Amino acid sequence: MAELTEQEQIRRNSLQDLKNLGINPYPAALYEVNAKSSEILEKYPQDNSLFQDISIAGRIMSRRIMGAASFVELQDSEGRIQLYIKRDEICPGEDKTLYNTVFKRLLDIGDIIGVTGYVFVTQMGETSIHVKSLTVLSKSLRPLPIVKEKDGVVYDAFSDPEQRYRMRYVDLIVNPHVRDVFVKRAQIVNTMRSYFNEQGYLEVDTPVLQSIPGGAAARPFITHHNALDIDLYLRIANELYLKRLIVGGYEGVYEFSRNFRNEGMDRTHNPEFTCMEIYVAYKDYNWMMRFVENMLQRIALTLHGTTKVNVWGNEIDFKPPFRRAPMCELIKEQTGYDVADMTEEQLRETCKALGVETDETMGKGKLIDAIFGEKCEGTLIQPTFVTDYPIEMSPLCKRHRNNPNLTERFELFVNGKELANAYSELNDPIDQLGRFQEQLRLSEKGDDEAMFIDMDFVRALEYGMPPTSGMGIGIDRLVMMMTGEQSIQDVLLFPQMKPEKKAAVTTDEEFKQHGVDEAWIPMLRKAGINTIAQLKEANVNKLYNDLNGLRKKNKLDIAPVQKEAVERWIEG
RNA sequence: GACUAAUUAGCUCAGCAGGUAGAGCACAUCCCUUUUAAGGAUGGGGUCCUGGGUUCGAGCCCCAGAUUAGUCACCA
């Protein structure tokens, strides 16, 4: 076990002292809570007769002790409220242990307590709780980062991203803003769910483990099922399953789908992320645009009370209708080139002329996408539906009713980023099979994202799927936009991180068995020897000198170690 | 994957031309009896990310590695 820091040791001592006083630092019984910090702060100033017999619980976030009276900031799930603790109030009799020892000495910032009492206003004008009784509910053994705030200025913020993401629990304790982001995330999802349910659409669950990863162009994670002895893929999208359900006869189905893609990680990509996909029978992509607009407007209103949201310095207005523009028109607008009727060769030359990088494996669709991505995406700040994508880029989408080279597809761009993607879904089984075969050709050409052929999906279409419109929206990116967060890690509670590097540490017991004198083990660690392996490689003279030096420095009451002993330890 | 930067006390950060490791908060002991990032005094606390190298001497310079961040590549 790794060495404890001084502060951790002191807290463990306090823990033992509490037990010695007959106080259980981790009691089993429930603690009755009948008030929350936020409602007290909100309602008491209006009506001083309220909250005269309350019980509240939370974490101690700061303490100001002045003799026989103290102030504590208590943090519950809603926020913080000040406690006023007076010695003779919580210790009415002769025995002042609860105040003098338990509260003042054995409790710390980070401990969880419950108190009863009544609400009043201090001379400083702060609504506070006058405490009549105090119960220890959980002793904290690690010191929290201390974040202080005055007049809206935060001092010493706990801000190291690595620590915040790895120890999200600490982040949530000391950074109230972070807790709020995830409340908003839940509100967004709930708003969408009620919006869909109100219209009679059905929420469903489809497989995460799939033998054919379909519905998107992406590299999947591969796993293995032992009993079947087959490889399975973690889903990259749920589209093909939802469409099977439309074939099955549901009018509308949707799913909040956790997807997994074995690709790069950065501040807009996490290996697992959440998409919402919805499919509605007898609709087309024009209907879907109105549907999405209204949904986003409703989310913005729920969260902010207005359709205007500030996203990274841009004021975005989610008030419908959003701009609609065909892709080739936007390319023409930005570059002057009309790519609509170009051949693959002409597109390659255009890319070259525009300075857009290409490679051998790219087909027509990818070439146009490359131009669009490079020249247009970033310019689409206000919500814009980009429509009518070339057919090569959209193997699951219905051909455009007026132009067979295009598809009835839109992507919604907000603040220069893709947010949603929707089709009039392809329901012609023969066309679908042909498009899958084209993907196969791309795959053989080296495009490792080209789609697999899912024959069962084709079979489903052969039974007949009604005209259907489908839409997918990235929940994480939506949350980023709606909360103003700039990285996906900030809207995921537990973003993927590389495993924490664990320093291999040999236990005291192992050192003992290795023949090391017990009294010297702590000194050995201080000398930088934490494993048997390190011990074996140690230099006898250096270690011998180090140990006795440490003995002197730490004023140890043990005899100096003999060089022969150190030799024995090293040799084992 | 490439490049750049960061990594020092529980937290936030200083540190120089290579010469005994610092501050604030937190912690401990004491003082102060209604405070407001409380105040005062004293004190404890460090594998300066890891491993090599240069040097009489490295937190600092060189090489390699780890992690994180940013940019690019990749990524509907």
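Nothing here was measured: the structure is a model prediction, and the numbers come from that model.
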Given that A:Met265 and A:Gln489 both sit by RNA chain B, which one's nearest nucleotide is further toward the 5' end? A:Gln489
Under 3.5 Å, which N/O atoms of the protein pair with N/O atoms of nucleotides 8-11 of chain B?
| from | atom 1 | to | atom 2 | distance (Å) |
| --- | --- | --- | --- | --- |
| B:C11 | OP1 | A:Gln163 | OE1 | 3.4 |

May I ask you to verify if any side-chain N or O of A:Arg64 is less than 4.0 angstrom from the OP1 or OP2 atom of B:A38? yes
Which atoms of nucleotides 4-7 of chain B (N or O only) lie under 3.5 Å from a protein N or O atom, and what are those distances?
none

Report yes or no: is the cationic atom of A:Arg409 (NZ for Lys, CZ for Arg) closer than 6.0 Å to the six-membered ring centre of A:Tyr389, at no more than 45° off its axis? yes
Is any NZ, NE, NH1 or NH2 atom of the basic residue among A:Glu377 and A:Lys417 found under 4.0 Å from an Asp or Glu carboxylate oxygen of the other? no
With a non-hydrogen cut-off below 4.0 angstrom, is A:Gly110 in contact with a base, only sugar-phosphate, or nothing? nothing
I'd like to know if A:Glu438 pairs up with A:Arg435 as an ion pair, taking the criterion as any Lys NZ or Arg NE/NH1/NH2 lying under 4.0 Å from an Asp or Glu carboxylate oxygen. no
Under 6.0 Å from the six-membered ring centre of A:Phe103 and within 45° of its axis: does the NZ or CZ of A:Arg63 meet both? yes
Sequence neighbours excluded, every pair satisfying salt bridge (Lys or Arg N to Asp or Glu O under 4.0 Å) that has a member inside residues 96-113 of chain A: A:Asp88-A:Lys96, A:Asp108-A:Lys139, A:Asp111-A:Lys139
Touch class at under 4.0 angstrom, heavy-atom based, for A:Arg11 against every strand present: nothing
Residue list, side-chain contact (heavy atoms from CB on, under 4.5 Å) with A:Cys351, at least two apart or on another chain: A:Val356, A:Thr358, A:Leu367, A:Ile371
Under 4.0 Å between a Lys/Arg side-chain N and an Asp/Glu carboxylate O for A:Arg12 and A:Glu8? no
Quick check: do A:Glu425 and A:Lys243 have side-chain heavy atoms less than 4.5 Å from each other? yes
Could one point to a donor on the side chain of A:Ser62 or the base of B:U36 with an acceptor on the other under 3.5 Å away? no
Which dot-bracket notation, 5' to 3', represents the base pairing of RNA chain B when pairs are defined as Watson-Crick or G-U with both distances under 3.5 Å, crossing pairs as [ ], and inter-strand pairs as |? (((((((..((((.....[..)))).(((((.......))))).....(((((..]....))))))))))))....
Interface with RNA chain B, restricted to residues 88-106 of chain A and to heavy atoms under 4.0 Å: A:Arg105
Using a 4.0 Å heavy-atom cut-off across all strands, classify A:Glu8 as base, sugar-phosphate, or nothing. nothing
